[in-house]
Every structure is written in C-alpha cells, then in structure tokens.
Amino acid sequence: MTVAAPTPARKPSRPEPQPAAAAPPAVGALLAWYDRHRRVLPWRAPPGARGDPYAVWLSEIMLQQTTVKAVVPYFLRFTAAFPTVRDLAAADLDAVLRLWAGLGYYARARNLHACARAVVERHGGVFPDNEAALRALPGIGDYTAKAVAAIAFDAPVVPVDGNVERVMTRLHAVAEALPAAKPRVKALAAALMPAPRPGDVAQALMDLGATICTPKAPACVLCPWAEPCAARRRGDPETFPRKAPKREGTLRRGAAFVAVRADGAVLARSRPPSGLLGGMTEVPTTDWSADFQTRTARDHAPMLGLGPSDWRRVPGVVTHVFTHFPLELVVLVARAPHGAEAPAGCRWIAAGDIAGAAFPNVMRKVLAHAGVAVGPAAPPSRPRRG
DNA sequence: AAAGCGTGGCT
DNA sequence: TAGCCAAGCTT
C-alpha cells in the first residue's frame, strides 16, 4: 500500500491554491465524528447549543499557545472570580495579573483586561457578534475573532490555529513551509464554508487536530477524513506541516537579589508595564545580558542599610527558558532588619502574600532557590478526597 | 514583517 | 534528554 503516489501534478505556471478543485472534504463526516467524540470542556456548550461569548472569548485568549490542561484550572478560577465581562472590567489590573500568574504571555492578561473594558464601554457589556467588531478589540487577532464569531455566533468562518494548520496541510499535502504557507492554508480552510454548524466545524477541526491528527504518529485509522487525506495517501502525514527553521536565542545571565526582612517579608518591585513579563512582580535583579559578570553582581544589590558583604551567594543557578532566549540567574540573599525601609521603586511583600502575588514562574524559581516558601503560581485544584 | 513574548508537558 | 510544541497577538 505504500505506493509512492505522486501528488497531483503541480503546474508552475499556476501558483494558485486549489480551493474547490477537488470535491471539498465531507464536512458531514467531520461533524458526525465530532458528535461522537467531542471533548467535554468547561467553556464548551452542550451539544446543540452555542457557547457563551464571554466564556468562549476568555478560553480562546487563555488557549493561545497554551495547552488545554494548563488552561482549565485558570479558566475555572477566572470565571469564579469574574462571572461576567463586567466583573472583569471592574477589577484592578493587578488582580487580573495575580490570577494569571504562571500562565505565561502576560500581554494576554493586560489585553484581556483592556478588552473587557472596551466591551463594556463600546458595546454596553455585550460581546459583538461579528468578526470585524471582534477583531477591533484588544488582544483579538484574526484567529480569535473568527473563533469567537464561529463558536459563539455560528458565523460561517473557519479560524486557523496550529491544529487547523496541521489538519489542512495534511489533507492537501501542502508542500510549502509555514509561515509562508499561511495564506494558502487559510484559503483552504475558508473553502470549507458554507457548511452547516460553523461553530461545531471549528471546534471539530481543533478536536481532530488535538486528538487524531496529532503532530507525531497521527491516528489516521480513526480519522473521519482519512479517505480524502493526501498526506495519508503519500504515507508521510507526520511530515506536515513543513516548517521553516527558527533560530535560537543566546544565553543571558544576571543576578537576582532576595532580601528577606526579619518578619519574612520579601523585597519586590514591578516590572515596566510592557515588554518581557510586563507589569509582573519581581525581586530586584541586574540586567540580563550575554556578557554578565557574576563577580560584579553585589554592586547592583539594593542597599537597605546593608553592606555588600551582607549578601550571601546561594550555590548553584536558576535556569529558565523563555521563548526566545535561555536565562541563568545567580541568587544572592540578605537578611534585612525589622524596620528596614524599601528603596525607591520597591516594596515589601508580606510572607503571607507571596504565594498570591504576581510573581511569574521564573521569579518563583528564584525565591524557592533562596529558601523562601512560595507556592506554585497556579496551585492545582485540591486533591480529591476519598 | 520579523521578532518579541512564558510555561509546562511530551517524546 | 533536549528539543519540540500548544486554540497567536503586537509592534
């Protein structure tokens, strides 16, 4: 069965995608599969119903570049704390950041907050029902606008995320590499419409990509689209999508200063409102650079009425890998006396408030390395009794 | 328009 | 294990 089936001859003279050339893959088969195998998710409406726009939007923002498993507990905490978009809009940004801490890509949390306020101010607290108006909101790009429009309002659009890219590039054996192939893939996806139940088509594509058409070892025997799939016919579905190579970042180093007051409070400050970890809380650190010299670290320590020799270097380093560079931090610890005053731009965070503060995970690693008790950013839901 | 932007899970 | 990779957006 491993006939090296040639793909349909490519015509160099016509670089055009082939939208409706072949009979469109049977959306009916996809929906039938979805009706039997759809995942049950906290933000998902029961069969036959539309998703609640607020829940759909919140989940879509959280799910950007983030796994379902990681999102679920955050989603439950957010909806408990902010049952409606008006509640979220009325909250302080810092309260939102504290709840988001640990989930990553913190610009999402800032935009989430701004978006909630925009929905209240521009739309009276009701999410707009069309892609264009959604697209104009903070943090909502092409994908999310289409996803909310389709899932919450049954708009006849097909959101293209990583799952859909994988499904469509395999279905059509798209030879071109991403991201250059994005326009072609979007056109192929758009050609699925018009079809019944656009919201379910969108969710079905994502479920298919997440559970059957997986990056490695796709379960083609279980796939409702095995028949029309060009990549499966070729015998190498796992080689799609093709991807352009990405370059890796260079290692940066720095030092972090953990000052612990006699009552257990820790010295902290807020990062600038935008950029890396924007708006999140951190302990004082040096700049992070490729040529950082550990020997000079103490020169950057906050004074607090202490001398350089009061800072003790904790053996070892804290390592953390961001999307675009790896980071290595040495940690220095000092004990500050009871009345010690926070330097300008810094503040003390009481021992009991550390777990709930807006410390990103890299800072939690630093605190833990320094011997400060700090829970995970996202405490897993309590273990079930029994 | 290419680069910046987190984190955890999986193989 | 050490890469990949996950329901992308912004500038």
Side-chain angles (χ1 to χ4, degrees), chain A residues 39 41-44 51 55-75 97 100-112 114-115 134-152 158-167 178-180 182-183 186 189 199 201-211 213-217 238 241 243-250 252 271-280 282 288 319-327 358-365 376-378 380:
Chain A
R39 290 176 293 174
L41 301 168
W43 47 85
R44 197 170 262 186
V56 172
W57 162 73
L58 179 58
S59 68
E60 288 298 340
I61 300 298
M62 289 183 164
L63 286 162
Q64 290 168 7
Q65 302 290 282
T66 309
T67 57
V68 166
K69 184 180 196 305
V71 163
V72 166
Y74 281 86
F75 177 85
L97 291 178
W100 196 278
L103 197 53
Y105 283 138
Y106 299 100
R108 290 185 297 173
R110 289 180 259 124
N111 287 330
L112 184 85
C115 183
L134 289 162
R135 180 68 179 80
L137 264 8
I140 298 188
D142 179 66
Y143 163 78
T144 305
K146 285 185 166 70
V148 174
I151 298 170
V158 182
V160 177
D161 68 338
N163 287 310
V164 182
E165 279 180 350
R166 194 164 53 251
V167 170
L178 294 172
K182 264 185 195 299
K186 284 185 183 180
V201 170
Q203 296 178 92
L205 286 169
M206 295 178 205
D207 277 18
L208 188 68
T211 64
C213 197
T214 50
K216 309 175 181 181
E238 69 285 349
K243 293 201 175 182
K246 60 187 81 170
R247 49 178 279 254
E248 61 181 283
T250 56
R252 300 183 202 179
R271 292 182 61 86
S274 64
L276 181 67
L277 304 174
M280 301 297 285
E282 67 174 3
W288 305 343
T319 63
H320 192 79
V321 180
F322 293 101
T323 305
H324 52 301
F325 69 91
L327 174 67
F359 284 118
N361 277 4
V362 60
M363 287 299 145
R364 286 169 197 271
K365 287 185 189 177

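Convention: sequence-line order gives letters A, B, ...; per-chain numbering from 1.
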Report which part of the nucleic acid [X] touches: base, sugar-phosphate, or nothing (heavy-atom distance under 4.0 Å, all strands).
{"X": "A/Arg110", "answer": "nothing"}
{"X": "A/Trp100", "answer": "nothing"}
{"X": "A/Leu41", "answer": "base"}
{"X": "A/Ser59", "answer": "nothing"}
{"X": "A/Val71", "answer": "nothing"}
{"X": "A/Ile140", "answer": "sugar-phosphate"}
{"X": "A/Val68", "answer": "base"}

Nearest to the side chain of [X], heavy atoms from C-beta on, is which of [options]?
{"X": "A/Arg135", "options": "C/dA6, C/dT10, B/dG6", "result": "C/dT10"}
{"X": "A/Lys69", "options": "B/dG6, B/dG8, B/dG9", "result": "B/dG9"}
{"X": "A/Tyr106", "options": "C/dG8, B/dT7, C/dA6", "result": "B/dT7"}
{"X": "A/His320", "options": "B/dG6, B/dT7, C/dT10", "result": "B/dT7"}
{"X": "A/Leu276", "options": "B/dT7, B/dG6, C/dT10", "result": "B/dG6"}
{"X": "A/Asn361", "options": "B/dT7, C/dT10, C/dG8", "result": "B/dT7"}
{"X": "A/Tyr143", "options": "B/dT7, C/dG8, C/dA6", "result": "C/dG8"}
{"X": "A/Gln64", "options": "C/dC9, C/dA6, B/dG6", "result": "C/dC9"}
{"X": "A/His324", "options": "B/dG4, B/dG6, C/dC5", "result": "B/dG4"}

If I take atom [atom1] in residue [X] and atom [atom2] in nucleotide [N], what distance separates them, rounded to the nearest angstrom?
{"X": "A/Met363", "N": "B/dG6", "atom1": "CE", "atom2": "P", "answer": "12 Å"}
{"X": "A/Arg108", "N": "B/dG4", "atom1": "CZ", "atom2": "P", "answer": "19 Å"}
{"X": "A/Met62", "N": "B/dT7", "atom1": "CE", "atom2": "C1'", "answer": "14 Å"}
{"X": "A/Glu165", "N": "C/dG8", "atom1": "CD", "atom2": "P", "answer": "8 Å"}
{"X": "A/Leu63", "N": "B/dT7", "atom1": "CG", "atom2": "P", "answer": "17 Å"}
{"X": "A/Lys146", "N": "C/dG8", "atom1": "NZ", "atom2": "P", "answer": "14 Å"}
{"X": "A/Leu178", "N": "C/dG8", "atom1": "CG", "atom2": "P", "answer": "12 Å"}
{"X": "A/Arg166", "N": "C/dC4", "atom1": "CZ", "atom2": "C1'", "answer": "12 Å"}

Contact nearer the 5' end of DNA chain C, comparing A/Lys243 with A/Asp142: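 First, find each residue's nearest nucleotide; the 5'-ward one identifies A/Lys243.
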On DNA chain C, does the nearest nucleotide to A/Arg39 precede the nearest nucleotide to A/Pro138 from the 5' side, or the other way round? Give the residue.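 The residue mapped nearer the 5' terminus is A/Arg39.
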Does B/dT7 have OP1 or OP2 sitting under 4.0 Å from an N or O in the side chain of A/Thr67?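 No, no such contact exists.
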Residue closer to the 5' end of DNA chain B, A/Arg252 versus A/Lys365 (nearest nucleotide):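 The residue mapped nearer the 5' terminus is A/Arg252.
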Below 4.5 Å, heavy atoms only, C-beta onward: do A/Val68 and A/Arg39 meet side chain to side chain?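 They are in contact (side-chain heavy atoms under 4.5 Å apart), so the answer is yes.
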Would you check if A/Leu103 and A/Thr66 make a side-chain contact, meaning some heavy-atom pair closer than 4.5 Å?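 Side chain of A/Leu103 against side chain of A/Thr66, heavy atoms only: contact under 4.5 Å found.
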Look at the rings of A/His320 and A/Phe322 and say which category their plane angle falls in: under 30° parallel, 30 to 60° tilted, over 60° perpendicular.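 If you compare the ring of A/His320 with that of A/Phe322, the planes turn out perpendicular.
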Confirm from the modelled atom types if A/Thr323 and B/dG4 form a donor-acceptor pair under 3.5 Å, side chain to base only.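 Not at all, since no donor on one side and acceptor on the other fall under 3.5 Å apart.
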Base B/dG8 paired with A/Thr66 side chain (donor-acceptor, <3.5 Å):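 No pair found.
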Could you work out the separation of C/dT11 and B/dG6 based on their P atoms and round it to a whole Å?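 One P to the other, the span is 14 Å.
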Compute the ring centroids of A/Trp43 and A/Phe75, then answer whether they are less than 6.0 Å apart.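 Aromatic pair counts; centres sit under 6.0 Å.
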If we ignore hydrogens and angles and just use 3.5 Å, is the side chain of A/Trp57 paired with the main-chain N or O of A/Ile61 as donor and acceptor?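 Between the backbone of A/Ile61 and the side chain of A/Trp57 there is no qualifying donor-acceptor contact (under 3.5 Å).
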For A/Asp142, is there an ion pair with A/Lys182 - N to carboxylate O distance below 4.0 angstrom?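 Here A/Lys182 does not pair with A/Asp142 in a salt bridge, since their nearest N and O are not under 4.0 Å apart.
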Face-on cation placement of A/Arg271 at A/Trp288 ring, 6.0 Å and 45° thresholds: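 Pair A/Arg271/A/Trp288 counts as cation-pi.
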